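Just below is one structure, and these are the notes that go with it.
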Amino acid sequence: MKKQNKIKKIRNIGIIAHIDAGKTTVTERILYYTGRSHKIGEVHDGEAIMDWMPDEQERGITITSAVTTCHWNDSEIQIIDTPGHVDFTIEVERSLRVLDGAIGVFCAVGGVEPQSETVWRQADKYFVPKMAFINKLDRIGADFFGTIKMMKDRLNANPLILQLPVGTEDNFSGIIDLIEMKQIVWDDETLGAEYQINDIPKDHIEIARKYREKLIETLAEKDDNIMEAYLADIQIDAKSLYSGIRKTTIDLELIPVLCGSALKNKGIQPLLDAIIRFLPSPADVPPIKGVVPESQEVIECRASDTEPLAALIYKVSMIEGRKLSYARIYSGKINAGEDVYNPTRKKKEKLSRILRIHANKKERINTAGAGSIVGIVGLKESSTGETLCTVQNPVILENIEFYEPVISVAIEPKTHSDQEKLENVLEKYMAEDPTLKVKEDEETGQTILSGMGELHLEVVISRMQREFKTSVNVGKPQVVYRETIASGSEAGAIFDKEVAGQRHYGEVTIKLKPLKRNSGIKFRSVINKEIIPDIFIPAIEKGVTESLESGSLMGYPVVDVEALLVGGSFKESIGSDLAYTVSASMACKKALTKGKPFLLDPIMDVEVITPEAFMGDVIGDLNSRNGKIDAIEPRMEIQVVKAEVPLARMFGYSTSLRSATQGRGTFTMRFSHFDRA
């Protein structure tokens, strides 16, 4: 029972937001007020504890998700601070996969920005309960209620306002707690460590009562107990409200909204209280489901130390050249020195060390139980997205989805010693980052490095130099296109050859049909088994799939195509898998060239924020880049232009935008889909 109580005291949370909304600043304050750090590290000084990589400190952004643990009110909070830049979305994706709750941080000036939408949808995908913290209320242009409206409009969220700001911009002085009906004011001299709880000032009491009434009304719609008390006109106490808010938050029905200014040290302690009160422990969320490898039976892995082991590796780090695996333990426990089983690779692995992580600092521990997020040293073959369990109770947890790269550069080593190190270094980075791909161009012999954006590739190349002293020459960024066909086509091929003293025969006819965008690749056989026996169908599918990895135009992967096996022939005793794979590949290649192939561009969702005076120039520039303007929204004294633009036309856009707007315009872009430009 004690162990179950211990699990109920754990909170695994992520801090998610758009770049510059203040995620890392919020995390730094949490660490300071919980006593985990004794000095507030500022992002703009390059001293944030969670942004410990040299590239993060230089650029003032979060690149890699950092883990830490702190304690508040007898509870343990395990925090993952995630990046806000679109190029590092995979870091958010894999963090949200293993978290039980999330805090969306919104800038009170910018509101719900593009990457905020992306990470919010990622949290929705994994059914993660969320709270919102509206930050930067001290900034000029801060709009608390405007941000809440944007949450409703853009995120389709159902916000529950728990706090109101007292004053805005330079006059922001504290918050009103609508549950306790008190005002909280922070002491600047103690860097916000001390605060006073006062009665609400007379000039704010009316608005506080109005929004407390709204809070109870919103909660009553979702909670039967509060609805009964509300209809009976019974006074609803704070304890009942806390209980109702917790239930509706965990059930994904409401989003509690808090506010403050992390940089000015206001609003963090109530946020910590809310994390403990409203976000779930590992025991409060539904048990994660896994599949037994042999039987494919779906089982539940309950959050208890006494259950069989089920842990997911959500991240691998190769910093300092050594492999450190980050894992979330869903059920069971692990001990240092023990063997665990990886059912995906069917291999046993030894846990030589278990570490509790605090950013880049590590503390050795002997054992870790359900609900823990730990670092593991000693796993040689296991990688991101794979499960650790026991041989006696094998289980495979759902893998993490990875994104396909959209941009690539050619790299070549500068010296002979760099040449020797390059392959090994790139292997380490690919193990760490599944969105990074490396391939050799067969025609030119160049090494092609592909990633999620220019910044992503820049950081990888910078780290190669810093961490492994490997220098490379870098070519201009190239777009990673896709190929497809405009019309249906059909072609056949025969493979009839002697290989290693044995004759192989296979004849195949393949028909290709174009599909609508984002359909991927499909394969079907429409012949009966008298023409070609069923045993050879997988070999034919393999040949088709392999041939579609490289198109007939420029060698890019082919998408949005259905391949049908419509004909062929079989000869007894000499029909073989090899022959059918090769003939299917040949037939598919022929059909591709007949199908009027064309390129698909990666199309980016672009959002430009510009003062109204420069709107004409900004729209003209986007039109000149083949951009399609989707919407123009006024926001305070600025305009937000939303457009879809081919990635190939976006190189150098930041310079053009700066010169067109006298340095006052900013933009963000994220991958949307592949389409004909």
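Since the structure is predicted, the reported quantities are computational estimates derived from the model, not experimental observations.
In terms of modelled atom types and a separation under 3.5 Å, the side chain of T581 and the main chain of D577 share a donor-acceptor contact. Judged purely by atom type and a 3.5 angstrom limit, D560 uses its side chain to pair as donor or acceptor with the backbone of S519. In this structure, the side chain of K642 does not engage the main chain of V640 through any donor-acceptor pair within 3.5 Å. Using modelled atom types, one side-chain atom of S624 and one backbone atom of D621 make a donor-acceptor pair closer than 3.5 Å. With hydrogens and angles ignored, the 3.5 Å screen pairs no side-chain donor or acceptor of R97 with any backbone N or O of G385. When atom types are taken as modelled, the side chain of T147 and the backbone of D143 share a donor-acceptor pair closer than 3.5 angstrom. For the pair S576 (side chain) and H504 (backbone), a donor-acceptor distance under 3.5 Å is absent. Side chain of R625 to main chain of V645: no donor-acceptor pair is present (N/O by atom type, distance under 3.5 Å, no hydrogens or angles).
Put simply, the side chain of V641 does not reach to within 4.5 Å of the side chain of V606, judged on heavy atoms. Residues C588 and L512 are in side-chain contact: their nearest non-hydrogen atoms beyond the backbone lie under 4.5 Å apart. Residues I255 and W120 form a side-chain contact, since some pair of their non-hydrogen atoms from C-beta on lies under 4.5 Å apart. I521 is not listed as a side-chain neighbour of L515, based on a closest heavy-atom distance of 4.5 Å or more. Contact of the R517 side chain with the L600 side chain is registered, since non-hydrogen atoms from C-beta on lie closer than 4.5 Å.
Around the NZ atom of K589, the shell of radius 6.0 Å holds more than 12 heavy atoms that belong to other residues, nucleotides or ligands. In this structure, K542 places its NZ atom where only 12 or fewer heavy-atom neighbours from other residues, nucleotides or ligands lie under 6.0 Å away. Applying the 6.0 Å contact sphere to CD of Q465 captures more than 12 heavy atoms from other residues, nucleotides or ligands. Heavy atoms from other residues, nucleotides or ligands lying under 6.0 Å from CG of N518 number more than 12. By the 6.0 Å contact criterion, CD1 on I535 is open, its count of non-hydrogen atoms from other residues, nucleotides or ligands being 12 or less.
Between R154 and E607, at least one side-chain nitrogen of the basic residue sits less than 4.0 Å from a carboxylate oxygen of the acidic one, meeting the salt-bridge criterion.
Just one residue in the list D418, L422, L449, V409 forms a side chain to side chain contact (heavy atoms under 4.5 Å, CB included) with V472, and that residue is L422.
Rounding to the nearest 0.5 Å gives a distance of 9.5 Å between CG of N528 and CG of D534. Rounding to the nearest 0.5 Å gives a distance of 11.5 Å between OG of S325 and NZ of K315. The structure places CE of M615 at 4.5 Å from CD of Q639, a figure rounded to the nearest 0.5 Å.
Counting all heavy atoms, side chain and backbone alike, D675 lies closest to H673 at CB-CD2, 3.6 Å. Heavy atoms only, all atoms of each residue included: E644 and D605 are closest at CG-OD1, 3.6 Å. Nearest heavy-atom pair across I148 and P159 is CG2-CG, 3.9 Å.
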Check: residues 482-495 side-chain donor-acceptor pairs under 3.5 Å, at least two apart:
{"unit_1": "E483", "atom_1": "OE1", "unit_2": "S552", "atom_2": "N", "d": "3.2"}
{"unit_1": "E483", "atom_1": "OE1", "unit_2": "L553", "atom_2": "N", "d": "3.0"}
{"unit_1": "E483", "atom_1": "OE2", "unit_2": "M554", "atom_2": "N", "d": "2.7"}
{"unit_1": "E483", "atom_1": "OE2", "unit_2": "G555", "atom_2": "N", "d": "3.1"}
{"unit_1": "E483", "atom_1": "OE2", "unit_2": "Y556", "atom_2": "N", "d": "3.2"}
{"unit_1": "T484", "atom_1": "OG1", "unit_2": "V559", "atom_2": "O", "d": "2.9"}
{"unit_1": "S489", "atom_1": "OG", "unit_2": "A591", "atom_2": "O", "d": "2.6"}

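With sequence neighbours excluded, the residues forming a side chain to side chain contact (heavy atoms under 4.5 Å, CB included) with E253 are K222, T248, D251, listed by chain and number. Checked against side chain to side chain contact (heavy atoms under 4.5 Å, CB included), S569 has the following partners two or more places apart in sequence or in another chain: Y505, E507.
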